[in-house]
Amino acid sequence: QQQVKQSPQSLIVQKGGISIINCAYENTAFDYFPWYQQFPGKGPALLIAIRPDVSEKKEGRFTISFNKSAKQFSLHIMDSQPGDSATYFCAAKSRGSGGSNYKLTFGKGTLLTVNP
Amino acid sequence: DGGITQSPKYLFRKEGQNVTLSCEQNLNHDAMYWYRQDPGQGLRLIYYSQIVNDFQKGDIAEGYSVSREKKESFPLTVTSAQKNPTAFYLCASSPGGTGGNYGYTFGSGTRLTVV
């Protein structure tokens, strides 16, 4: 049961282009949506996160767009650079009580390659 | 510097052996987690713990065991019952509670290989 569906599985972009990664969910109890960046052999690192009461959040070249009615959110990387080449994971947290307050459900990841 | 330390970075296990992966954090976080990462599978939750002396099974707990005797430590044992243990194992922590900070901090991972 995959609660967060991420696409595409892999993405190749030219330097300076825009990278777009999409995620969709079904659980309306999700109330926090982070994106993580992972380089080979390293643990994921939090990149940017959004709550469902806003439609967009921007931090530098990274923007999250959130569509609550469609239950979709996406990561946009503007002016993509070779150093952005990594695996990106979307995730979602449920506002459920008890233990479910703490669990993040992750998408399967997108391998981004930015060619110079 | 605060963070999460996982050790060892690489671990080799023989068939039928139990092995223990270490995870230590000095972030004063209440919650800790273990994830398994396989190519194309994303991150799958093995176990998590909200407080000391308490932990819950995640989605793929079979063949694994954990303990949480100290707030800073959350070791994972991969038992011989785990039939396909070769994977990249990630430990994470988060502040927990209802303060609104839900970001996970991950360690650098342990790559376990069965030989």
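Quick note on labels: first sequence line is chain A, next is B, and so on, each numbered from 1.
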S.K.: Taking A:Leu104 as the fixed residue, which of B:Tyr104, B:Tyr48, B:Tyr33 is the one that meets the side-chain contact (heavy atoms from CB on, under 4.5 Å) rule?
M.R.: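 Exactly one pass, corresponding to B:Tyr104.
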S.K.: Within a radius of less than 6.0 Å around CD of A:Gln81, do more than 12 heavy atoms belonging to other residues, nucleotides or ligands occur?
M.R.: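 Yes - once you tally the heavy atoms of other residues, nucleotides and ligands closer than 6.0 Å, there are more than 12.
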S.K.: Group every Ile, Leu, Val, Met, Phe, Trp and Tyr by side-chain heavy-atom contacts under 4.5 Å, then state whether A:Tyr32 and A:Phe89 land in the same group.
M.R.: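 Yes: a chain of side-chain contacts under 4.5 Å links A:Tyr32 to A:Phe89.
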S.K.: With side chain to side chain contact (heavy atoms under 4.5 Å, CB included) as the criterion, how do A:Phe106 and B:Gln37 come out once you've worked through the C-alpha distance, each side chain's angles and the decisive distance to 0.1 Å?
M.R.: CA-CA 11 Å; A:Phe106 287 85; B:Gln37 185 173 19; over 6 Å; no
S.K.: In terms of hydrophobic clusters joined by side-chain contacts under 4.5 Å, are A:Ile20 and A:Tyr25 together?
M.R.: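 No; A:Tyr25 is not reachable from A:Ile20 via cluster members.
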S.K.: Please check if B:Leu43 and B:Tyr64 belong to a single hydrophobic cluster, counting links between Ile, Leu, Val, Met, Phe, Trp and Tyr side chain heavy atoms closer than 4.5 Å.
M.R.: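 Hydrophobic grouping puts B:Leu43 apart from B:Tyr64.
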S.K.: Quick one: does A:Lys42's side chain get under 4.5 Å of B:Leu90's, heavy atoms only?
M.R.: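 SC-SC contact between A:Lys42 and B:Leu90 ruled out.
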S.K.: Checking heavy atoms, do the side chain of B:Leu45, its backbone, both or neither come under 4.5 Å from chain A?
M.R.: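 For B:Leu45, the side chain is the part near chain A, not the backbone.
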S.K.: Taking CD in A:Glu59 as the centre, count heavy atoms belonging to other residues, nucleotides or ligands within less than 6.0 Å. Is the count above 12?
M.R.: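 Yes, enclosed.
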S.K.: Rounded to the nearest 0.5 Å, what's the gap from CG on B:Asp59 to OG1 on A:Thr105? Could you check?
M.R.: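 B:Asp59 CG to A:Thr105 OG1: 7.0 Å, rounded to 0.5 Å.
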S.K.: Output the option from A:Ala91, A:Pro44, A:Pro34 having the highest count of non-hydrogen pairs under 4.5 Å with chain B.
M.R.: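 Between A:Ala91, A:Pro44, A:Pro34, the count favours A:Pro44.
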